[in-house]
Amino acid sequence: MHPAAAVCLVFGGCCSNVVFLELLARQFPGCGNIVTFSQFLFIAVEGFIFEANFGRKRPAIPMRYYLIMVAMFFTVSVVNNYALNLNIAMPLHMIFRSGSLIASMALGIIILKKRYSMSKYTSIALVSVGIFTCTFMSAKQVASDSGLNEEDGLHVFLWWLLGIAALTFALLMSARMGIFQETLYKRFGKHSKEALFYNHALPLPGFLLLAPNIYHHAVLFSQSEPFQIPVIGLTLPIMWFYLLMNVITHTSALAAVPEQAREKSGRFRLSPR
């Protein structure tokens with residue numbers, strides 16, 4: 001793929017994906033599970049056809065390693081979804097997850113004993129300051145926008161703190177998954193498309209645990225106002241249209257992201273010194 005096309009797909013896909021996600025979450029803050037399930041199902045079906053060749057192609061990396069990776073991937077996805085129910089605003093959700101660079105560097109130093117150049121340490125420090133500033137301002141906004149008495153305001157703030165803790169946990173788990181994936185690539189070679197397929201196909205049974213929540217939001221989506229899709233003239237509930245566009249833009253961004261960063265939280269690898 002030409003670099004310019006890849007850049008357009010990544011930025012266009014990621015930015016559009018966040019727009020449609022916010023449209024969904026603004027209407028139904030707890031809809032993260034149905035969004036994630038739809039993304040996983042679409043990528044799993046596409047990978048089963050084009051990568052796994054309808055199950056006839058054997059994986060290059062042993063399945064037991066994929067099961068470990070999938071457990072981490074599924075946990076990260078679900079925890080990030082539930083953070084939106086804990087008074088976490090979408091802009092803070094996005095900015096906080098950009099701290100994956102910090103988590104990747106920290107765990108790389110601790111687990112892999114890596115060392116980085118001073119310019120990378122400085123860059124990470126600047127990113128950390130930006131995330132801290134955004135988090136601090138979000139905390140002030142939660143306190144001021146609650147419009148409740150002191151006791152209820154404290155309750156809202158404590159839920160927000162729990163949301164920050166959930167995002168922090170997901171951030172560290174995502175970084176740990178990146179390190180695990182890096183060690184697998186060094187041992188078995190890079191098989192990014194295969195990993196993308198198994199990372200999305202194997203967790204699908206886990207969504208049975210979330211089936212009531214997914215079904216509930218599917219009913220709510222079906223009851224939303226009708227929307228006619230331009231050009232093709234097809235009419236469907238507007239929330240299903242937002243979900244469809246979210247899945248399409250998510251997939252287009254993944255198709256262009258390099259192997260070293262193929263994970264929807266936006267993690268990019270750091271080159272050690």
Side-chain angles (χ1 to χ4, degrees), residues 12-49 73-97 138 141-142 145-148 152 155-156 158-160 162-163 166-167 170 199-255 264-265:
C14 288
C15 293
S16 302
N17 179 261
V18 171
V19 169
F20 288 110
L21 178 60
E22 184 162 10
L23 289 171
L24 290 164
R26 183 181 300 174
Q27 187 70 26
F28 301 108
C31 69
N33 290 327
I34 190 173
V35 173
T36 302
F37 172 72
S38 301
Q39 293 173 349
F40 276 44
L41 181 63
F42 184 88
I43 294 174
V45 171
E46 187 274 339
F48 182 73
I49 297 172
F73 188 40
F74 183 77
T75 301
V76 168
S77 300
V78 172
V79 171
N80 275 323
N81 288 339
Y82 276 110
L84 292 174
N85 293 335
L86 301 172
N87 298 326
I88 299 296
M90 182 61 69
L92 176 62
H93 194 276
M94 294 169 53
I95 293 172
F96 204 92
R97 289 173 66 180
S138 177
Q141 184 177 359
V142 168
D145 291 350
S146 60
L148 305 172
D152 291 338
H155 184 265
V156 170
L158 290 176
W159 277 110
W160 177 86
L162 183 60
L167 288 178
N199 280 343
H200 288 80
L202 293 179
L204 288 178
F207 285 100
L208 292 174
L209 301 173
L210 308 172
N213 179 271
I214 294 174
Y215 176 76
H216 173 67
H217 282 91
V219 173
L220 293 177
F221 281 15
S222 299
Q223 295 173 348
S224 61
E225 61 181 289
F227 174 78
Q228 186 176 46
I229 302 177
V231 181
I232 64 176
L234 177 66
T235 300
L236 73 166
I238 192 167
M239 299 304 292
W240 284 113
F241 171 72
Y242 291 157
L243 180 62
L244 175 64
M245 295 305 298
N246 177 271
V247 170
I248 292 174
T249 53
H250 170 76
T251 306
S252 66
L254 282 180
K264 67 179 181 180
S265 66

Review point. Do Phe42 and His200 have their ring centres less than 6.0 Å from each other?
Key: no
Review point. Can you check whether Val19 reaches Met245 side chain to side chain, under 4.5 Å on heavy atoms?
Key: no
Check your understanding: For the atom pair OG (Ser16) and CG (Leu21), what is the distance rounded to the nearest 0.5 Å?
Key -> 12.5 Å
Check your understanding: Just how far is it from atom NE2 of His217 to atom CG of Leu210, taken to the nearest 0.5 Å?
Key -> 11.5 Å
Practice item. Kindly assign one of parallel, tilted or perpendicular to the pair Phe241 and Phe227, based on the angle between their ring planes and the thresholds 30° and 60°. Key: tilted
Check your understanding: Can you tell me if Ser224 uses its side chain to pair, donor with acceptor, with the backbone of Phe221 under 3.5 Å?
Key -> yes
Exercise for review: Working to the nearest 0.5 Å, report the span between CD1 of Ile43 and CG of Leu204.
Suggested key: 10.5 Å
Check your understanding: How many angstroms lie between atom CD1 of Ile34 and atom CG of Asn213, to the nearest 0.5 angstrom?
Key -> 8.5 Å
Check your understanding: Side-chain contact, heavy-atom cut-off 4.5 Å: Ile238 with Gln27?
Key -> no
Exercise for review: I would like to know whether Leu162 and Leu158 meet side chain to side chain contact (heavy atoms under 4.5 Å, CB included); could you show each step before the answer?
Suggested key: CA-CA 6 Å; Leu162 183 60; Leu158 290 176; over 6 Å; no
Exercise for review: Taking the side chain as every heavy atom from C-beta outward, state whether Thr36 and Val78 have any atom pair closer than 4.5 Å.
Suggested key: no
**Study point:** Approximate separation, where rounding is to 0.5 Å, of Phe20 CZ and Thr249 OG1
**Key:** 6.5 Å
Point to revise | Residue from Leu243, Ile214, Asn33, Leu244 passing side chain to side chain contact (heavy atoms under 4.5 Å, CB included) with Ser38 | key: Leu243
Check your understanding: What's the shortest heavy-atom distance between Ala166 and Val79, and which atoms?
Key -> O-CG1, 3.2 Å
Point to revise | Interatomic distance, Leu220 atom CG to Phe28 atom CZ [nearest 0.5 angstrom] | key: 4.5 Å
Practice item. Measure up the Phe40 and Phe207 rings against each other and bin them: parallel (under 30°), tilted (30 to 60°), perpendicular (over 60°). Key: perpendicular
Revision key, fill the gap. Nearest heavy-atom contact between Gly163 and Ala83 is O-CB, 4.2 Å
Point to revise | Asn80 (side chain) donor-acceptor with Val76 (main chain) under 3.5 angstrom | key: yes
